[in-house]
Amino acid sequence: MTLIDSLGLATARVICLCGAGGKTTLMFALADEFVAAGERVLMTTTTKMAAQQMSGRWPGRQAENAQAISAIARPGAGAFIAYRELDKARAKVIGYAPEVVDQLAGSGLFTRIIVEADGSAHRPLKAPASYEPVFPASADAVLIVLGASGFGRPLGDETVFRFAIWSELTRLAPGEPVSAESVAAMVAHPQGLARTAPPGAARALFINQADDTTRLEIARRTLECLATASGNRPARAAIGRLLPSVQVLHETRYE
């Protein structure tokens, strides 16, 4: 069972990731699958990424704009990460305005473009601020990522990035365990994790870090809650883990 099939990405060309708990790892895993199928993949961000990610399996290349990225693109299957600037002091690379991604999407140079559209300060869960996620208009798929290691833990700064917003949107009080009901509410809420997503973009959910029975149970309960949730419910959802290797344990379709 591939991530591409489980998340309904067979025809998606510009795929944006938001949320927390494994966005970059999921981006790399998707690139692996696409490249194995003979595709040319660009990975980038509309915010920031850890600089250490630029020296991993896929090369990181600095380029000022869409024209510069196009100039370093190579024919044939493969993938690389493009970034605009290196912030050495913060050990971060800075990405591009969403309009740059739109230009690249229109160029036809890449069969897939995968974009990290927000940050999570290394927490397993997050709530978005008013200025995020930063989605390009060309996005035709939006993946919401959740880290199941945050399920059942007290709602607070160590578990949820911007926990006060999570509390406001889900009505879960700080200190209370993060429940399946509150997770489902954050996914489906109009101001939730995929707020500002282009209207035509297909939405999917991946719950990562389902490493034990407790996490898996809450993850399954989350999908059950989404089945009756109002708001912006994703069309598909999958539960699994990305490390040490990719494993999809369960999938659901709400279409």
Side-chain angles (χ1 to χ4, degrees), residues 1-10 12-63 69 72-74 76-84 86 91-96 101 104-105 109-124 126 133-136 139-149 193 204-211 236 238-249 251:
M1 189 182 303
T2 68
L3 291 166
I4 296 170
D5 291 337
S6 297
L7 298 171
L9 302 176
R13 298 303 170 189
V14 180
I15 302 164
C16 291
L17 284 67
C18 62
K23 293 190 302 295
T24 303
T25 306
L26 178 57
M27 179 169 69
F28 291 165
L30 289 171
D32 286 342
E33 291 188 3
F34 286 131
V35 171
E39 302 211 36
R40 188 185 305 110
V41 181
L42 172 67
M43 292 172 278
T44 189
T45 179
T46 52
T47 56
K48 300 175 183 178
M49 292 174 59
Q52 65 183 14
Q53 301 289 358
M54 301 304 108
S55 58
R57 180 168 65 258
W58 300 114
R61 298 175 181 168
Q62 187 171 0
I69 296 172
I72 59 177
R74 298 175 182 175
F80 69 92
I81 312 164
Y83 62 94
R84 179 173 56 85
L86 173 63
K92 297 280 189 180
V93 296
I94 301 170
Y96 302 94
V101 177
L104 292 164
L109 285 172
F110 304 97
T111 58
R112 311 279 180 165
I113 300 176
I114 311 175
V115 182
E116 271 200 34
D118 65 5
S120 56
H122 305 292
R123 273 67 155 194
K126 75 162 292 180
V134 184
F135 293 118
D140 50 14
V142 169
L143 300 186
I144 301 167
V145 186
L146 298 169
S149 63
L193 289 163
L205 167 67
F206 184 72
I207 299 179
N208 186 29
Q209 304 171 348
D211 299 320
R236 297 191 185 210
I239 301 169
R241 61 177 71 98
L242 299 172
L243 297 173
S245 60
V246 174
Q247 187 174 9
V248 178
L249 303 172
E251 64 176 39

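Computed over heavy atoms, backbone and side chain alike; hydrogens, waters and symmetry mates excluded.
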| task | Could you pull out all residues at least two apart from Ala51 that satisfy side-chain contact (heavy atoms from CB on, under 4.5 Å)? | result | Leu86, Val93
| field | Residues in salt bridge (charged side-chain N to carboxylate O under 4.0 Å, His left out) contact with Arg40, at least two apart in sequence or another chain | value | none
| field | Qualifying residues under salt bridge (charged side-chain N to carboxylate O under 4.0 Å, His left out), relative to Asp140, sequence neighbours excluded | value | none
| said: Enumerate the salt bridge (Lys or Arg N to Asp or Glu O under 4.0 Å) contacts for residues 112-121, please, sequence neighbours excluded, ordered by first and then second residue. | reply: Lys23-Asp118, Glu39-Arg112, Asp118-Lys126
| query | With side chains defined as the heavy atoms from C-beta onward, is the minimum distance between Val101 and Phe135 less than 4.5 Å? | reply | no
| request: List for me each residue that meets salt bridge (charged side-chain N to carboxylate O under 4.0 Å, His left out) alongside Arg236, sequence neighbours excluded, and say none if there are none. | output: Glu255
| said: For Arg57, give me all partners under salt bridge (charged side-chain N to carboxylate O under 4.0 Å, His left out), at least two apart in sequence or on another chain. | reply: Asp32
| said: Suppose we screen for side-chain contact (heavy atoms from CB on, under 4.5 Å). Which residues come up paired with Gln247, at least two apart in sequence or across chains? | reply: Arg241, Leu249
| remark: Residue set satisfying side-chain hydrogen bond (donor to acceptor under 3.5 Å, both in side chains) with Thr25, at least two apart, ordered chain then number -> none
| message | Which residues pass the side-chain contact (heavy atoms from CB on, under 4.5 Å) test with Gln53, not counting sequence neighbours? | response | Thr24, Phe28, Met49, Ala50
| remark: Residues at least two apart in sequence or cross-chain that pass side-chain hydrogen bond (donor to acceptor under 3.5 Å, both in side chains) with Glu33, listed by chain then number, are none
| query | Cation over ring, Arg84 on Tyr96, under 6.0 Å and within 45°? | reply | no
| request: Quick one: list whatever passes side-chain contact (heavy atoms from CB on, under 4.5 Å) with Ala10, sequence neighbours left out. | output: none
